[in-house]
Undergrad: 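Handing you this structure, nothing more for now.
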Amino acid sequence: MIAFLSFAVIVLLFTVLVLIAKANELANELKDGKRDYTTQSKINGYLLIGFLIAMFAGSAFAFKQLMPVMIPKAASIHGAQTDYLFNMTMVIIGIVFVITQVALFYFAYRYNESRVKEAYFYPHNNTLEVVWTIIPTIVLTGLIAMGMYEWFSIFNRDDRDKNELVIEVTGKQFNWMIRYSGKDGKFGERLIDTAHVSPTNELGINWEDPKSHDDFLSDKLYLVKGKGVLMKLGAQDVIHSFYLPHFRVKMDCVPGTPTEFYFVPTMTTEDMRKYLSTLPWWQTVNPETGQPRWQTFKYELACAELCGKSHFGMEREVVVVTQEEYDAWLNKQTSLYDATIKPALTKKDEAKDEPAVDSTKTEIKKPQAMLVGKPN
Ligand SMILES: [Cu+2]
């Protein structure tokens with residue numbers, strides 16, 4: 001409400017100012033009998049130059065202030081190439097932007113009416129037309145070609161690590177379900193039907209499939225440095241977007257349409273912290289933790305699709321470790337089947353009179369922490 005009222009006040013003030021200026025103009029016209037734009041043109045000319053200077057000074061200031069807090073260098077192989085493309089595009093369009101804006105504002109100032117300088121009338125020049133059509137065409141085609149080459153190399157299946165790690169991530173309002181295939185490296189079957197999907201088995205895992213017995217859910221996304229990882233992505237309700245900013249990974253998670261993204265992390269969380277400890281902003285103390293910022297740095301997984309009211313809470317920590325650390329972590333995980341289904345089956349078996357258990361319909365409480373992430 002306050003925002004709306006503030007906006008209304010600004011609009012009304014602006015309208016009043018415009019009307020006063022208009023009335024003033026009409027009064028002058030009535031007094032002199034003719035319109036005189038000279039003074040207005042002079043003021044406008046200086047305002048335009050002022051705006052040009054303020055725009056570039058403001059941009060330079062914003063760059064200086066914000067560059068140190070921007071996301072650090074890419075922690076994946078393709079990410080470095082993506083950054084290179086991004087920076088090159090920024091430099092090229094930046095140069096064009098500066099030249100065109102300076103020319104636009106300077107000419108508006110230089111040829112304003114008060115200076116009584118008549119602009120040279122130059123309606124057409126074929127050579128000029130050809131030059132300023134061909135040069136941007138070549139540059140843009142080059143940029144698009146490089147972008148396409150990069151896109152196809154990211155999605156090229158032949159270049160992939162043969163021992164890639166496969167992780168299944170399913171987005172839902174408002175959480176991520178991260179499933180690992182366990183020690184056998186194979187995911188248990190999922191059956192998306194009313195017999196299998198239930199509040200206690202949201203992914204619809206078929207417990208009769210032995211491959212599902214070592215699958216586990218993790219509240220953090222564990223990755224291995226230097227090892228290719230294939231993210232198998234999906235969504236349960238609306239479109240979400242799997243976003244790993246530090247790895248330059250972003251892919252939509254679409255209900256009913258599986259998507260995937262393959263990449264290779266190049267820095268462990270510790271490597272990144274070590275790198276950040278060399279940068280001035282990251283050395284400053286975070287008042288919330290009392291520690292230098294680099295010490296508490298964490299990679300993150302976020303949802304980049306505005307998917308509902310708690311969209312902001314769809315955040316998970318990403319941990320990149322070495323293969324040995326990953327193996328140790330893997331050994332500590334308890335499979336979903338062992339943690340929830342097996343104890344229930346044993347319990348039912350003990351009560352001999354009970355009818356046989358249909359494991360797919362068994363209603364068992366899962367540890368809440370495994371499914372419900374706490375928004376940080
Ligand atoms: Cu989302």
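Note that ligands are numbered from 1 as they come in the structure, with each ligand's atoms numbered from 1 the same way. Just the heavy atoms: all of them, side chains too, but no hydrogens, waters or symmetry mates, feed the values below.
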Undergrad: From the Cu ion (ligand 1) out to just under 2.8 Å, does an N/O/S atom of Cys303 turn up?
TA: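 True for Cys303.
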Undergrad: The Cu ion (ligand 1) to Ser241: any N/O/S contact under 2.8 Å?
TA: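 No, outside the cut-off.
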Undergrad: Give a yes or no on whether Tyr149 atom OH has more than 12 heavy-atom contacts from other residues, nucleotides or ligands under 6.0 Å away.
TA: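 No - once you tally the heavy atoms of other residues, nucleotides and ligands closer than 6.0 Å, there are 12 at most.
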Undergrad: Counting backbone and side chain alike, does His311 bring an N/O/S atom below 2.8 Å of the Cu ion (ligand 1)?
TA: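 No, since none of the N, O or S atoms of His311 sits under 2.8 Å from the Cu ion (ligand 1).
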Undergrad: What is the name of the N/O/S atom in His240 that sits closest to the Cu ion (ligand 1)?
TA: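 The Cu ion (ligand 1) is closest to the His240 atom ND1, counting only N, O or S.
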Undergrad: Parallel, tilted or perpendicular, judged at 30° and 60°: which one describes the rings of His78 and Phe261?
TA: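 Geometry flag for Phe261 against His78: tilted rings.
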Undergrad: Using only heavy-atom distances, determine whether the side chains of Thr268 and Asp271 contain a donor-acceptor pair under 3.5 Å.
TA: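 Yes - a donor-acceptor pair under 3.5 Å links their side chains.
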Undergrad: In this structure, are over 12 heavy atoms from other groups packed under 6.0 Å from Phe86 atom CZ?
TA: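 Not more than 12 within 6.0 Å, no.
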